[in-house]
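See structure below.
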Protein chains: 2
Amino acid sequence: MKSAIPVTTIEIKTACSQCNLRELCLPFGLDPREVNQLDELVGSRRKIKRQQHLYRSGEAFEAIYAIRAGSFKTDVILEDGRDQVTGFQMTGEVLGLDGISSERHSCNAIALEDSEVCVIPFSRLEELSRQVESLQHQFHKIMSREIVRDHGVMMLLGSMRAEERLAAFLLNMSQRFTARGFSPSEFHLRMTRDEIGSYLGLKLETVSRAFSRFQEDGLVAVQQKHIRILDTPGLKKLLNHHAA
Amino acid sequence: MKSAIPVTTIEIKTACSQCNLRELCLPFGLDPREVNQLDELVGSRRKIKRQQHLYRSGEAFEAIYAIRAGSFKTDVILEDGRDQVTGFQMTGEVLGLDGISSERHSCNAIALEDSEVCVIPFSRLEELSRQVESLQHQFHKIMSREIVRDHGVMMLLGSMRAEERLAAFLLNMSQRFTARGFSPSEFHLRMTRDEIGSYLGLKLETVSRAFSRFQEDGLVAVQQKHIRILDTPGLKKLLNHHAA
DNA sequence: AAATCGTATTGATGTGGATCAAAGGGCTCC
DNA sequence: GGAGCCCTTTGATCCACATCAATACGATTT
């Protein structure tokens, strides 16, 4: 299939082997030869404009997606129109795992900003992970990590107060920005108060008030979507010092 | 390790190939030869008495567990003592998937009644699923199903009112009992009101009141842990007819 | 630079479920 | 088979967050 002409600069730049996200993504733990095998499998990239769907609930499942650039939210919608954001995904994270069980996507994935994903045909991923043990293991870890994350959100939704939820959210974002080489204390949120609220099981006004409260208490400096964390230990204390 | 004497009746009875749960469990979709390979991998069974832990958060992860008999709950506990039930598991369901990501269990699994599980050493499962495509696929489906289930719980915790949560819970239990050949409308809950409440993000008093309300409205007949569903459509209506 | 629209903040009021409290019922374990 | 204890139910009160409402801000368009 591959032509004999040399690969273009762009193709090189987008290969797993050249991708600076590989420590966070599917190639983690693979040796260079194995990463090259993965490269062949990642057929195409897809650009998704802000507010566009990467996939929709009910669509046939054929591939999972690794985020190369940008960010997404996933949500589920009930018949009566209520919806709930189930997660926010950043570069290097994998989207679409929910579709494996029924061969149909069970949520919507929507770009929070202009973004790009690597398309990983799932049957070929299963095929290759039968041959490459480290890939198989990394894939299992990624799925398991999603389960653990979900349990954390269930804890948050089931037993935390509004300010604790927002503190947990901010600390989580900080940690994920840090893992991507950005500042732990200063970042730009790509989602609205309403989307944060949906994720945290709160109304947007409650999210806004909690932000204001944190600002009053000197925990963070908030300017719309731009966040500066001033007192990380203070935020952590908010989480744990709750009388049982 | 195995002695040369013929396998006992009990050992035969507990093999996957003879297990009547195989349609719900890991062997689903495997041909008889493949199920035999799985049999060899399922090293041992473990009996867990009511209230005993199958595993605890923080323990090294080595195996996943398929429930042969009985039922379990899983929970996560915060430093300050707050805890949250993240799921109830019935026969044929798999426990321990949360441990893959960090090689340590991230929650506790506790038997709700005297129970028995099949121990599936994880590294051997990965090994065999590199050889047996249908096993690999079934395992991936099981993990994905857990993710989808978790998203449903997030929806429930984030956007439903108390009675809707309980209705969703009862319908889910009914469906799972049905899948196991039991009555869809009459069953015995193994967990307390407190545990249901923890799972649903409610206090036990609220769960109790919701049960009483359902009883008044003729939706269910409740006698302690014994539940008879009288009006399934009524319960379903409660879920969907919510003004957005 | 003005107009528009989505997003955010802040205030006033309402309410669903939490909390506090007490009594009754049914298991479990001697 | 009885004692004790945990579990459940029900009532009264409280409070955290939702809801309703108005304004302000900022980005985008023209």
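- Put simply, the residue from B/Leu157, B/Thr206, B/Leu239 that forms a side-chain contact (heavy atoms from CB on, under 4.5 Å) with B/Arg165 is B/Leu157.
- Rounded to whole Å, the distance from CD on B/Gln51 to C1' on C/dC27 is 13 Å.
- If you take NE2 of B/His188 and C1' of D/dC7, they are 13 Å apart, rounded to a whole angstrom.
- B/Gly197 comes within 4.0 angstrom of nothing in the nucleic acid, heavy atoms only.
- For the residue pair A/Ser57 and A/Ser106, no side-chain donor N or O sits within less than 3.5 Å of a side-chain acceptor on the partner.
- Here the side chain of B/Thr206 is nearest to one of D/dT9, C/dG17, D/dA18, namely C/dG17.
- Between B/Arg50 and B/Val207, it is B/Val207 whose nearest contact on DNA chain C lies nearer the 5' terminus.
- Residues B/Phe122 and B/Phe61 place their aromatic rings such that the two centres sit under 6.0 Å apart.
- For the atom pair CD1 (B/Ile227) and NE2 (B/His188), the distance works out to 9.0 Å, reported to the nearest 0.5 Å.
- In the set C/dT9, D/dC17, D/dT8, the nucleotide with an atom closest to the side chain of B/Leu204 is D/dT8.
- Checking C/dA8, C/dT9, D/dC7 against every side-chain atom of A/Lys225, the shortest atom distance belongs to C/dA8.
- When rounded to the nearest whole Å, the span between CZ of B/Phe211 and C1' of D/dC7 equals 13 Å.
- What separates CD1 of A/Ile196 from C1' of C/dT7 is a distance of 12 Å, to the nearest Å.
- Whole-Å rounding puts the A/Leu112 CG to C/dT7 P distance at 12 Å.
- If you check the side chains of A/Ser71 and A/Gln89, you find no donor sitting under 3.5 Å from an acceptor.
- For the pair B/Lys203 NZ and C/dG17 C1', the interatomic distance rounds to 11 Å; values are reported in whole Å.
- At most 12 heavy atoms of other shown residues, nucleotides or ligands fall within 6.0 angstrom of atom CZ in A/Arg228.
- Nucleotide D/dC7 holds its P atom 8 Å from the CD atom of B/Glu195, rounded to whole Å.
- Under the 3.5 Å distance criterion, with hydrogens and angles disregarded, a donor-acceptor pair is assigned to the side chains of A/Asn108 and A/Asp75.
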So which protein nitrogen or oxygen atoms get under 3.5 Å of nucleotides 20-26 of chain D's nitrogens or oxygens?
{"residue": "D/dC20", "atom": "N4", "partner": "A/Glu205", "partner atom": "OE2", "Å": "3.2"}

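- Between the CZ atom of A/Phe214 and the P atom of C/dT9 there is a distance of 13 Å, rounded to whole Å.
- Within the nucleic acid shown, A/Ser208 comes within 4.0 Å of at least one base atom, counting heavy atoms only.
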